[in-house]
Amino acid sequence: MLAAGCTNGPAPADDGRGADRPASRTDTGTGTAAVGQVLAVKIDNVRAARPQTGLDAADIVYVEQVEGGLSRLMAVYATRLPKTVGPVRSARESDLELLRQFDRPALAFSGAQGKLLPLIDKEPLEAVTPQDAEDAYYRGSEKASPHNLYLRPHRVLPSAPGEAALTTGFRHGPAPDGGTPTRSRTVRYPSARFTFTWSPERRGWEITTDGAPTVTADGRRLAPPTVVVQYVDVRRSGYHDVLGNPTPYTETVGSGTAEVLRDGRSHDVRWLRPTATDGTRFTTRAGTPVAFSEGQVWVVFAQRP
């Protein structure tokens, strides 16, 4: 499912069908989540949705493949909450497995495929859709629908829970020995691509998405200090979008190989996540834990070779 090339055409219709969703069974009645939870937000990543708002404040940005070979982001917030995040889009089945590593996270999303909604309601998370927390969302005027739904995080969490809520297994510290000097690294999906280019001045990897610089809403280039290209199995799920396109399922439990990009070098490592409630550990081939740089981490899930 990794392939060369990128399309510039319109995105397939989304499979979000949140309009008829009843209030979550875990909803408190206010649409707010308890203190101590991380906030995870599903963020649109097609051309019409860019530039996104609030990505630079995320502690972790996960990149996953969705229908039509396109990409979608999940931004996780723990140490600070931006004023606005978006555009917000729909959830996928594999998000549930990925989020099990956190302690009852709040998941903000616009909706989901109808058959998936009952599974979401059974998960140990707080679903925050426009139906659960209407006053936390608004429609912007600069982009066309459906690429203009935005979240006000402070109406979901009263404050950022802090770094201790990031139960991902990630470590921060000095870089491992060795590694290969790397100027840039490109990851391709069938209809999307990401290039990470090392900037010595910024001490980060400047991101290019589908051939265009990835910038914040005010024009600043995103440059996370650590990027992880994690090789996983990407298979078909039992769900489809409204056009009949099969929804990919990204397997994040198990083990495999990965590349950790930091400090201008690429390190070949192994990853291990024994169960869904575990974080993901990254080690050298010899089994030594691999540390990331302080700051934002991007994790790009790529099809296992």
Side-chain angles (χ1 to χ4, degrees), residues 1-18 21 40-52 55 58 60-76 85-99 107-117 119-120 123 125 127 129 143-149 151 186-195 207 209-212 214 228-253 298-304:
M1 299 182 75
L2 276 174
C6 171
T7 62
N8 296 327
D14 201 359
D15 65 359
R17 299 171 187 167
R21 182 181 185 276
V41 185
K42 291 307 300 289
I43 298 180
D44 203 348
N45 198 40
V46 298
R47 290 184 187 274
R50 305 176 204 143
Q52 294 96 339
L55 265 185
I60 306 167
V61 177
Y62 291 104
V63 182
E64 61 182 346
Q65 186 182 152
V66 292
E67 298 80 12
L70 295 165
S71 65
R72 187 156 296 177
L73 311 178
M74 180 190 286
V76 178
V85 177
V88 180
R89 290 304 297 273
S90 60
R92 296 295 183 273
E93 183 186 9
S94 51
D95 299 334
L96 306 182
E97 180 176 271
L98 181 60
L99 287 171
L107 173 62
F109 61 106
S110 63
Q113 206 271 351
K115 294 180 180 179
L116 179 59
L117 291 173
L119 295 182
I120 294 175
E123 286 294 307
L125 58 79
T129 71
K143 298 183 176 73
S145 181
H147 313 292
N148 63 348
L149 180 65
L151 175 76
T186 296
V187 180
R188 300 178 186 269
Y189 292 169
S191 299
R193 74 178 184 272
F194 299 85
T195 298
I207 305 173
T209 304
D210 299 338
T214 303
V228 179
V229 182
Q230 185 175 341
Y231 293 102
V232 299
D233 290 322
V234 182
R235 58 170 173 82
R236 287 191 177 192
S237 73
Y239 300 93
H240 299 77
D241 68 10
V242 294
L243 296 180
N245 297 306
T247 299
Y249 188 102
T250 300
E251 299 272 8
T252 58
V253 171
W298 277 55
V299 179
V300 185
F301 293 120
Q303 175 64 54
R304 193 189 303 268

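Reckoned from all heavy atoms, side chains included, excluding hydrogens, waters and symmetry mates.
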Are the side chain of Ser191 and the backbone of Gly68 linked by a donor-acceptor contact shorter than 3.5 Å? yes
Determine whether Phe109 and Ile120 satisfy the following criterion, side chain to side chain contact (heavy atoms under 4.5 Å, CB included), listing intermediate values before the conclusion. CA-CA 11 Å; Phe109 61 106; Ile120 294 175; 4.0 Å; yes
Can you tell which of Gln230, Glu97, Glu64 makes a side-chain hydrogen bond (donor to acceptor under 3.5 Å, both in side chains) with Thr252? Glu97
Candidate pair Tyr62 and Val76, rule side chain to side chain contact (heavy atoms under 4.5 Å, CB included), full reasoning: CA-CA 8 Å; Tyr62 291 104; Val76 178; 4.0 Å; yes
Is a side-chain N or O of Lys42 found less than 3.5 angstrom from the main chain of Leu107, in a donor-acceptor match? no
Grab the two heavy atoms, one from Pro87 and one from Asn148, that are nearest each other, plus how far apart they are. CB-N, 4.2 Å
Out of Thr214, Asn45, Thr195, which one pairs with Thr209 under the side-chain hydrogen bond (donor to acceptor under 3.5 Å, both in side chains) rule? Thr214
Write down the atom of Ala192, the atom of Asp210, and the distance for their closest heavy-atom approach. CA-OD1, 3.2 Å
Locate the shortest heavy-atom distance separating Ala75 from Ile43; write the atom from each residue and the value. CB-CD1, 3.7 Å
Hydrogens and angles aside, do Arg92 and Thr250 bring a side-chain donor and acceptor to less than 3.5 Å of each other? no
Could you walk me through whether Met74 and Val63 pass the side chain to side chain contact (heavy atoms under 4.5 Å, CB included) check? CA-CA 7 Å; Met74 180 190 286; Val63 182; over 6 Å; no
Could you tell me if Arg304 sits above the aromatic ring of Tyr231, with its cationic atom closer than 6.0 Å to the ring centre and no more than 45 degrees from the axis? no
Keeping Arg89 on the side-chain end and His147 on the backbone end, is there a donor-acceptor pair under 3.5 Å? no
Going from OG1 on Thr129 to CG on Leu151, what distance comes out if it is rounded to the nearest 0.5 angstrom? 11.0 Å
Looking at every non-hydrogen atom in both residues, tell me the closest pair between Phe194 and Ser71 and how far apart they are. CZ-OG, 3.4 Å
Side-chain H-bond candidate by donor/acceptor type, Asp44 with Gln52, under 3.5 Å: no
Between Tyr189 and Leu70, does the side chain to side chain contact (heavy atoms under 4.5 Å, CB included) criterion hold? Intermediate values first, please. CA-CA 7 Å; Tyr189 292 169; Leu70 295 165; over 6 Å; no
Ala112 versus Leu117, closest heavy-atom pair with distance: CB-CD2, 3.7 Å
Please answer whether the main-chain N or O of Ser90 pairs with a side-chain N or O of Ser110 as donor and acceptor at a distance below 3.5 Å. yes
Check for a donor-acceptor pair, side chain of Glu251 on one end and backbone N or O of Val232 on the other, with a separation under 3.5 Å. no
Of the non-hydrogen atoms in Val88 and Ala108, which two are nearest, and what is the gap between them? CG1-O, 4.0 Å
